[in-house]
Amino acid sequence: MSPSQQSGKAAPNNDNQDTTRYTPAEIEARWQTVWDADAQLYAAEPHDCGKPKFYCLEMLPYPSGQLHMGHVRNYAIGDALARHMWMRGYNVLHPMGWDAFGLPAENAALKNNRQPEEWTLANIAAMRVQMQRMGLSYDWATEVTTCLPDYYRWNQWFFLKMYEKGLAYRKQSKVNWCPECATVLANEQVIDGCCWRHEDTLVEQRNLEQWFFRITQYADELLSGLDKLPGWPEKVRTMQRNWIGRSDGTLVDFTSESGETGVHVITVFTTRVDTIFGATSVQLAPEHAVTKAFAKEDKKLAAEVDAMLAQQKAAREAGDIGTIEKHGVFTGKYAINPFNGERVPIWVANYILADYGTGAIMSVPAHDERDFEFAQKYGLAIKRVIAKRGAAEQEDEKAQPALPFTEEDDAVLVDSGEFSGLDCVAAQKKMQTLAEQKKFGKANTTYRLKDWGVSRQRYWGTPIPMVYCETHGIVPVPEDELPVLLPKQVQITQQGGSPLANVPEFVNTTCPKCGGPAKRETDTMDTFVDSSWYFYRYIDAKNSERPFAKEKAAYWFPIDQYIGGVEHAILHLIYSRYWTKVMRDLGLTMNDEPATRLFTQGMVIRNGAKMSKSKGNVVSPDEMIARYGADATRMYALFAAPPDRDLEWQEDGVAGVSRFLSRVYRITMKFAPVVKSHYAKPQINAATPASQALLRKLHQTIAKITLDFSGRWHFNTCIAAIMELVNALMAAEGAMDSGEVPEQAVAEVFRNLILLLAPFAPFLAAELWQQTGHEGTVFRTAWPVADAELAAEDEIEIPVQVNGKLVNVVRVPAGSAEDVVKDAAMADAKVSARVEGKQIVKTVVVPGKLVNLVLK
RNA sequence: GCGGAAGUGGCGAAAUUGGCAGACGCACUAGCCUUAGGAGCUAGCGGAGCAAUCCAUGGGGGUUCAAGUCCCCCCUUCCGCACCA
């Protein structure tokens, strides 16, 4: 809308800019047009330009159609950093793309009768406009959209490469099924037994043939690599460590007594094989094969096991699995402990997890809290086999720590045959060796991490490039036939099973090996495949020969700074690390890890809760931008809290930032002619006290902000510092008017103010840069360098304390010697009144900091 | 239960190495201005007190000339993991 169209106000001359009034809508629209027309403005230079590089990356959004405040905050942080690094002379890559496959598009298709592709591409167009309106410095020439064939063909290409290397495989297995999504989910997508998208929908277990990526092959490297990522938050590293869940222990075979179904070998997994002489029972998961075999022989047992499973299911549905009481049933059978030949009862217990370890444990009540609790409940034997070192010889039980005693440091084995007297760790090694020699056990490492199930029974995803031939079985699609195109105009169903199965033209194909009839795989890939490597595509987005050129990756990777929400700590960030290692082993890249530094920003909350439609506390970025402008909106997102903390959105705060920008505009425009007449001949003129004070404030501000950009990122205090500088300018307005501040100094301060503002309020900075007569873009102008001499105070305030309490403040020349400071303190009337008649026991003078007089 | 982060005015917050607690902003109060604006300007704004002064960074101890900051114990909130053998 042009100003003259605005209702109710006769303002015929508004087209002639009012240079005292800040009008962000007008300024921002004008600069957006200029920037949109300049494809080179935010383009990185080629990889062989010889300049140091900086790859600044924000997590790509799902194109829902609407940016939310979390995005605004994420991108405001990344944009400030990218712009700053450009001004510091780096060759900056700052790209953006779209995580465009996924279920919401199918749901929207069903609801609105639109094709997922149409819906998705329209959303992308809308969100791109929102981003441009925000003034984000993305190079749109490198844009990546994961649902387009020129991207997803490389997902297929990687799939084939991984299949060749045995990293992609198909197997029948128990998988997580979300009835709401009507598809399988990866373990990482199941949270508290529910779907990650449908928090109230319980995930079912189904047995299906599925494609998996062998992420477990890299489990150890994914784990040890975390120690080499000091630039990642400790929290994320800890979460990944827990998720990988490495556990070193021992497998031991217990052999059951003979029954109708014969002798069974029960392999247990334990991390404390040193306690095995204290094992007083063997515990099986209800789902364990041996449990099933015993149940066949024993109807009563079968009924009890069924009840146990039913109880578990009910608890899981009620959401309180984990709080259910430990409970078990004796099978009536016994097993032999291979270490001492002891005969121990076999139980089935509800707390034994079928899918961890071997689904069977040895129970050592004396040295495990859960086993202790269980043994007490059922009256099972409790036998101490570990004692505190030094107390082991003492017969008296009272000399020993209470049971259960679970420590293994400073503890030794007792009553453990030939192993008695050994300390725990040494005993574990010896016992493993013995078990291996005698072939009833071995050392073993288990992981909580499971292989990544990537098959999805959905339409809107990357087709898996495999066919099934009647004679040749599973046959990969040849590389030169890629991409396997996702058919268009497909009827979306939510009946279970991929909608692609109902598209005969897609399904029916020929076998690449024999030319005979064959059927295509109709499942599509998990969308986390798309986002596992998208940031490699940015560096070579148009390459039709390869996913990306190796030499470009060698220059740009690893990412220097990755910025996003902590909600991706496990899913996306562990898959991305895995993919990088796979690509390295395929010879595509040199780096072991995708990103050197990771930053997880806090949530945007309002009224104490995360913004969400259901809570009705959502603030729309469009509305904020329309009301206050993009500069004020993004600057508020940086000003209201440090970026790693949660941010409480307060609209009055945005208004406050907007008022600040108005003041910047007003005073800069007022002195623009002065700046204009001096900018070409930069001179520092600190001749008068007034100009000296201004220049001092300026250089202190430059120093502060430059330091913060180097890592601390407390942009809230950076903006506060700029506000202080502007407050100083306003206070000096009269002095600048009167010429008390020389024009050169005025020009110097304003010129640098605009440079400091550029990363935070780019539209206003561009406008003022031009209005003050500067040519070229402010965003490629060198970042100012703080002059320590100009920044130095010549007189400083020294607080004087008596007995640690502040009494007064004295002014002394900066750099004064200790006794000068002390004398000044003693000369102060308030201080001397306190000291009067008392004895000074001690005088503490910290040069430049304070004086403390300790009186008796 | 385990792991992580945090707790400072009415609110968002600041205090980078232990050295003037509350910068900067919001809200509020009083006054000014009038092109009546979601504007601008001046002053005030942790608590108690007329004041001098005293009290105050979740609570309690400690170290120190000096503690929001370091150490010990406890409380609360948020986030993650949770029968992992």
Side-chain angles (χ1 to χ4, degrees), chain A residues 20-22 191-192 233-239 241-243 245-247 249-250 268-273 275 283 285 321-326 349-353 355-364 368-371 373-374 446-448 566-567 569-570 602-603 605 608 627-628 636 639-642 644-660 662-663 666 704 707-708 711-712 714 716-724 726-727 730 797-809 830 841-846 848-855:
Chain A
T20 60
R21 206 178 150 81
Y22 173 53
I191 294 146
D192 291 334
E234 188 53 48
K235 177 182 169 130
V236 171
R237 292 192 286 162
T238 304
M239 283 170 73
R241 254 181 226 116
N242 292 341
W243 183 260
R246 180 184 158 123
S247 176
T250 313
V268 305
F269 176 73
T270 176
T271 54
R272 291 296 306 275
V273 70
T275 66
Q283 308 274 345
I321 187 98
T323 62
I324 101 178
E325 204 191 329
K326 286 184 187 36
N350 65 346
Y351 70 97
I352 309 302
L353 305 173
D355 50 9
Y356 185 78
T358 60
I361 64 154
M362 62 175 195
S363 178
V364 184
D368 182 282
E369 279 174 32
R370 289 155 304 170
D371 294 348
E373 189 190 327
F374 191 86
T446 65
Y447 299 89
R448 208 178 91 110
V566 75
E567 65 273 18
I570 302 290
M603 288 188 299
I605 58 179
R627 218 169 279 180
Y628 303 101
Y636 175 74
F639 177 62
D644 54 341
R645 233 194 271 184
D646 285 352
L647 182 156
E648 170 80 29
W649 194 270
Q650 293 180 339
E651 192 173 331
D652 285 335
V654 190
V657 172
S658 170
R659 285 196 290 270
F660 163 69
S662 301
R663 289 196 289 274
R666 205 253 325 147
K704 192 249 174 308
L707 181 65
D708 250 302
R712 200 177 75 135
H714 280 201
N716 53 331
T717 60
C718 292
I719 293 167
I722 296 175
M723 288 173 170
E724 286 188 54
V726 172
N727 289 347
M730 308 255 295
E797 289 189 336
I798 298 286
V800 183
Q801 299 179 334
V802 172
N803 288 334
K805 299 217 162 165
L806 181 70
V807 171
N808 209 354
V809 174
K830 260 183 163 176
V841 186
K842 188 173 179 180
T843 309
V844 181
V845 180
V846 185
K849 291 282 186 191
L850 61 40
V851 176
N852 189 13
L853 306 171
V854 185
L855 305 183

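To find a chain, count down the sequence lines: A is the first, B the second, and so on, and within it residues start at 1. Remember, predicted model here, so these are calculated numbers, not experimental data.
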Pairwise side-chain contact, A:Ile361 with A:Tyr356, heavy-atom cut-off 4.5 Å (strictly under): no
Round to the nearest Å and state the distance from A:Glu369 atom CD to B:rC2 atom P. 10 Å
Side-chain N or O of A:Arg645 less than 4.0 angstrom from OP1 or OP2 on B:rA14? yes
Expressed as a whole number of Å, how far does the C1' atom of B:rA27 sit from that of B:rU77? 25 Å
Which nucleotide sits closest to the side chain of A:Phe639: B:rA13, B:rC83, B:rG12? B:rG12
Spacing of the C1' atoms in B:rC28 and B:rG80 (rounded, Å): 40 Å
Nucleotide nearest A:Ile361 when distance is taken to its side chain, options B:rG19, B:rA85, B:rA13: B:rA85
At under 4.0 Å between heavy atoms, what does A:Asp646 touch on the DNA or RNA strands: base, sugar-phosphate, or nothing? sugar-phosphate
Go through A:Val566 and A:Lys235 one step at a time and tell me if the side-chain contact (heavy atoms from CB on, under 4.5 Å) criterion holds. CA-CA 9 Å; A:Val566 75; A:Lys235 177 182 169 130; 3.9 Å; yes
Please encode protein proximity along nucleotides 28-40 of chain B as a string of B, S and -, counting only heavy-atom distances under 4.0 Å. ----------BSS
A:Asp652 side chain: which of B:rG12, B:rC84, B:rC26 is closest? B:rC26
Whole-Å P distance, B:rC83 and B:rG19: 45 Å
d(A:Phe660 CZ, A:Tyr22 OH) to nearest 0.5 Å is 10.0 Å
Have a look at A:Gly245 and say if it touches a base, only the backbone sugar-phosphate, or nothing, with a 4.0 Å heavy-atom cut-off. nothing
Does CD belonging to A:Glu234 count more than 12 external heavy atoms closer than 6.0 Å? yes
Taking the C1' atom of each, how far is B:rA13 from B:rC50, in whole Å? 33 Å
Across all strands, who's sitting opposite B:rU76 as a Watson-Crick or G-U wobble pair, both distances under 3.5 Å? B:rA6
Can you find a heavy atom in the side chain of A:Thr717 that is under 4.5 Å from one in the side chain of A:Arg712? yes
If you look at every strand shown and take non-hydrogen atoms under 4.0 Å, does A:Lys326 touch a base, only sugar-phosphate, or nothing? base
Could you work out the separation of B:rU16 and B:rA23 based on their P atoms and round it to a whole Å? 15 Å
Less than 4.5 Å apart, any side-chain heavy atom of A:Val854 and any of A:Asn803? yes
Whole angstroms only, please: what is the OH-P distance between A:Tyr636 and B:rC24? 18 Å
Look at all strands and tell whether A:Pro233 reaches a base, only sugar-phosphate, or nothing, counting heavy atoms closer than 4.0 Å. nothing
How far, in whole Å, is B:rU29 from B:rG61 if one measures between their P atoms? 40 Å
Considering every strand and a 4.0 Å limit on heavy-atom distances, what is the contact class for A:Glu797: base, sugar-phosphate, or nothing? base
5' priority, RNA chain B, between A:Leu647 and A:Leu707 [closest heavy atom]: A:Leu647
Looking across every strand, which nucleic acid part, if any, lies under 4.0 Å from A:Ile570 by heavy atom: base, sugar-phosphate, or nothing? nothing
By nearest atom, which of the nucleotides B:rA85, B:rC20, B:rC81 is closest to the A:Pro799 side chain? B:rC20
How would you label the contact of A:Ala655 with the nucleic acid (heavy atoms, under 4.0 Å): base, sugar-phosphate, or nothing? nothing
Taking pairing as Watson-Crick or G-U wobble with both contacts under 3.5 Å, can you name the mate of B:rC50, or confirm there isn't one? none
So that I can tick it off, tell me whether A:Glu373 and A:Arg370 are bridged by a salt bridge, with the cut-off set at under 4.0 angstrom between side-chain N and carboxylate O. no
Checking A:Tyr351 against A:Gln283: is there a side-chain donor and acceptor pair closer than 3.5 Å? no
Just the rounded figure in Å: distance from C1' of B:rA23 to CD of A:Glu724. 6 Å
Where does B:rG9 fall, syn or anti, if syn means a chi angle no more than 90° from 0? syn
With a 3.5 angstrom cut-off on both distances, give the Watson-Crick or G-U wobble partner of B:rC65, or none if there isn't one. B:rG19
P-based separation of B:rU8 from B:rU57 [nearest Å]: 11 Å
Can you tell me which nucleotide in B:rG4, B:rG25, B:rA14 comes closest to the side chain of A:Lys235? B:rG4
Taking for each residue the nucleotide of RNA chain B bearing the nearest heavy atom, is the 5' side occupied by A:Glu234 or by A:Gln650? A:Glu234
Give the nucleotide from the list B:rC24, B:rA13, B:rU53 with an atom nearest to the side chain of A:Lys830. B:rU53
Give one of base, sugar-phosphate or nothing for A:Asn727, where a contact means two heavy atoms less than 4.0 Å apart. sugar-phosphate
Considering only the P atoms, how many Å lie between B:rU34 and B:rG46, rounded to the nearest integer? 32 Å
Produce the list of close N/O pairs, under 3.5 Å, pairing protein atoms with atoms of nucleotides 65-69 of chain B; give distances to one decimal.
| from | atom 1 | to | atom 2 | distance (Å) |
| --- | --- | --- | --- | --- |
| B:rC65 | O2' | A:Asn852 | ND2 | 3.0 |
| B:rC65 | O2 | A:Asn852 | ND2 | 2.7 |

Side chain of A:Tyr351: nearest nucleotide among B:rA13, B:rU53, B:rC83? B:rC83
Closest non-hydrogen atom pair, A:Leu806 against A:Pro799: CD1-CB, 3.6 Å
Step by step, would you call A:Thr275 with A:Met362 a side-chain contact (heavy atoms from CB on, under 4.5 Å)? CA-CA 10 Å; A:Thr275 66; A:Met362 62 175 195; 3.7 Å; yes
Kindly point out which of B:rA85, B:rG12, B:rG80 is positioned nearest to the side chain of A:Met239? B:rG80
Reckon A:Asn242 touches a base, only the sugar-phosphate, or nothing at all at heavy-atom distances under 4.0 Å? nothing
Looking at the side chain of A:Arg448, which of B:rG12, B:rG19, B:rC84 is the nearest nucleotide? B:rC84
With a 3.5 angstrom cut-off on both distances, give the Watson-Crick or G-U wobble partner of B:rA27, or none if there isn't one. none
Out of B:rA85, B:rC24, B:rA14, which nucleotide sits closest to the side chain of A:Thr717? B:rA14
Strictly below 4.0 Å: does A:Arg241 bring a side-chain N or O up to OP1 or OP2 of B:rG4? no
